[in-house]
Amino acid sequence: MHNDLTAAARVLSTATDVTLLAHVNPDADALGSALALGLALHRRGVTARVSFGAPDEVPETLRGLDVAGLLVPASEVPAAPPVLVALDTGSVGRLGPLGDRVDTAGVVVVLDHHVSNPRFGHVNVVDDRAEATAVVVLRLLDELGVELDEPVARCIYAGLVTDTRSFRHASASTHEVAARLLAAGVDAEAVARPLMDSHPFGYLGMLSTVLRGARLEPDAAAGLGFVHAVVTLEDAAGLRPEEVESVVDLVRTTSEAEVAAVLKELRPATWSVSLRAVSRVDVREVAQLLGGGGHRLAAGFTATGTADAVLRRLREALAEVAGR
């Protein structure tokens with residue numbers, strides 16, 4: 001890992017133009033990591049831009065992290081970036097329509113924490129034991145000798161607090177990292193509240209509809225229990241993607257189920273599926289069977305067809321993995 005960090009630092013210390021890409025539908029870890037590194041490079045005089053393949057709009061809850069105006073639409077990403085950094089991206093496919101830049105870039109640096117990452121860069125800093133890509137980025141910033149001030153630390157903290165579920169899944173060293181970020185001036189409540197604890201009133205109506213349709217299947221997942229819910233386009237009308245993404249955090253609290261899933265309709269008959277597990281089922285393997293990926297206890301995939309058809313395929317994959 002140290003050699004990989006050194007190699008990445010060597011590339012970035014001499015770069016003059018760097019494009020930093022988060023995965024499609026970026027979360028706080030992906031975009032926070034990209035903006036933290038981008039801001040550090042920008043202050044060194046580097047031409048730095050941050051982007052992602054989809055959707056067209058930056059998530060509202062993450063816009064405040066971009067203090068230097070580094071975010072650009074996908075249409076403004078160079079066709080052949082001199083240096084490309086892919087962050088929190090477990091595969092080229094997760095870059096969506098910007099995935100072709102991996103082939104055209106002069107140098108590709110991958111910063112990630114997904115165990116399934118195939119190391120698609122020229123330089124790969126991948127630590128699957130890190131709770132967030134933000135932790136990997138902080139190590140790289142240290143390797144580059146970057147001063148950790150509040151704006152950079154805030155971006156790192158956003159990724160850390162969300163990917164650890166408010167530090168429920170965090171090692172002692174990660175708590176030490178959090179303490180370091182707070183010492184740099186981060187206001188923990190100000191960062192976490194808009195990301196995790198603030199929703200428009202319409203969110204309550206959506207939850208009422210969606211949770212009313214949730215179903216528990218105690219015998220599924222080899223008898224470990226499976227709970228699922230569906231968010232249709234109609235359910236999500238007028239709400240931000242952040243509201244839809246948060247539904248799985250409620251469904252997963254079902255005590256009778258080892259595995260939780262939420263199907264979110266992206267467009268007619270196309271679904272983004274979020275998977276969560278308590279401890280015993282590796283949902284990354286489940287997602288991989290269905291064309292996706294992720295982590296052992298949090299993963300996802302995209303599917304087409306009716307919701308019932310997607311759930312049928314998901315049950316089959318769950319039975320295969322949980323029954324081993």
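This structure is a prediction, so every number in the text was calculated from the model and none was measured.
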To the nearest 0.5 Å, what is the distance between [atom1] on [X] and [atom2] on [Y]?
{"X": "Phe120", "Y": "Asp112", "atom1": "CZ", "atom2": "CG", "answer": "7.0 Å"}
{"X": "Leu224", "Y": "Leu318", "atom1": "CG", "atom2": "CG", "answer": "9.5 Å"}
{"X": "Leu65", "Y": "Arg63", "atom1": "CG", "atom2": "CZ", "answer": "12.0 Å"}
{"X": "Thr232", "Y": "Glu265", "atom1": "OG1", "atom2": "CD", "answer": "6.0 Å"}
{"X": "Glu131", "Y": "Thr174", "atom1": "CD", "atom2": "OG1", "answer": "3.0 Å"}

Just distance, no hydrogens or angles: give the donor-acceptor pairs under 3.5 Å from side chains in residues 305-314, sequence neighbours left out.
{"unit_1": "Thr306", "atom_1": "OG1", "unit_2": "Ala309", "atom_2": "N", "d": "3.0"}
{"unit_1": "Arg313", "atom_1": "NH2", "unit_2": "Thr304", "atom_2": "O", "d": "2.8"}

Minimum heavy-atom separation for [X] to [Y], with atom names?
{"X": "Leu140", "Y": "Ala9", "answer": "CD1-N, 3.7 Å"}
{"X": "Thr104", "Y": "Pro81", "answer": "OG1-CD, 4.0 Å"}
{"X": "Val286", "Y": "Ala317", "answer": "CG1-CB, 3.9 Å"}
{"X": "Arg252", "Y": "Ala260", "answer": "CA-CB, 3.6 Å"}
{"X": "His295", "Y": "Asp282", "answer": "O-OD1, 4.3 Å"}
{"X": "Ala229", "Y": "Ala214", "answer": "CB-CB, 4.1 Å"}

Is there a side-chain contact between [X] and [Y] (heavy atoms, below 4.5 Å)?
{"X": "Val281", "Y": "Val321", "value": "yes"}
{"X": "Leu12", "Y": "Val85", "value": "yes"}
{"X": "Arg139", "Y": "Val135", "value": "yes"}
{"X": "Leu95", "Y": "Phe52", "value": "no"}
{"X": "His2", "Y": "Glu143", "value": "yes"}
{"X": "Cys155", "Y": "Leu39", "value": "no"}
{"X": "Leu37", "Y": "Leu141", "value": "yes"}
{"X": "His113", "Y": "Asp29", "value": "yes"}

When you measure from the side chain of [X] to the backbone N and O of [Y], does any donor-acceptor pair fall under 3.5 Å?
{"X": "Glu217", "Y": "Val227", "result": "no"}
{"X": "Ser33", "Y": "Ala134", "result": "yes"}
{"X": "Arg119", "Y": "Asn117", "result": "yes"}
{"X": "Glu242", "Y": "Thr61", "result": "yes"}
{"X": "Thr254", "Y": "Val251", "result": "yes"}
{"X": "Glu258", "Y": "Ser279", "result": "yes"}
{"X": "Ser13", "Y": "Arg10", "result": "yes"}
{"X": "Arg280", "Y": "Val278", "result": "no"}
{"X": "Arg240", "Y": "His199", "result": "no"}

Residue set satisfying ring-ring contact (aromatic ring centres under 6.0 Å, His included) with Phe226, at least two apart, ordered chain then number -> His228
Would you kindly confirm whether Val210 and Val259 end up in one hydrophobic cluster when ILVMFWY residues are joined by side chain heavy atoms under 4.5 Å apart?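 No; tracing contacts between hydrophobic side chains, which count when under 4.5 Å, never links both residues.
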Check this for me, if you would: do Arg43 and Asp149 make a salt bridge, where the nitrogen-to-carboxylate-oxygen distance has to be below 4.0 angstrom?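 Counted as a salt bridge, because a side-chain N and a carboxylate O are separated by less than 4.0 Å.
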Apart from Leu297 itself, which Ile, Leu, Val, Met, Phe, Trp or Tyr residues share its cluster (side-chain heavy atoms under 4.5 Å, direct or through members)?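 Noted: Leu297 shares its cluster with no other residue.
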Let me see the working for Asp142 and Arg180 under salt bridge (charged side-chain N to carboxylate O under 4.0 Å, His left out), right down to the final yes or no. CA-CA 12 Å; Asp142 288 342; Arg180 181 183 170 193; 2.7 Å; yes
Ring centroid separation Phe167 to His175 under 6.0 Å: yes
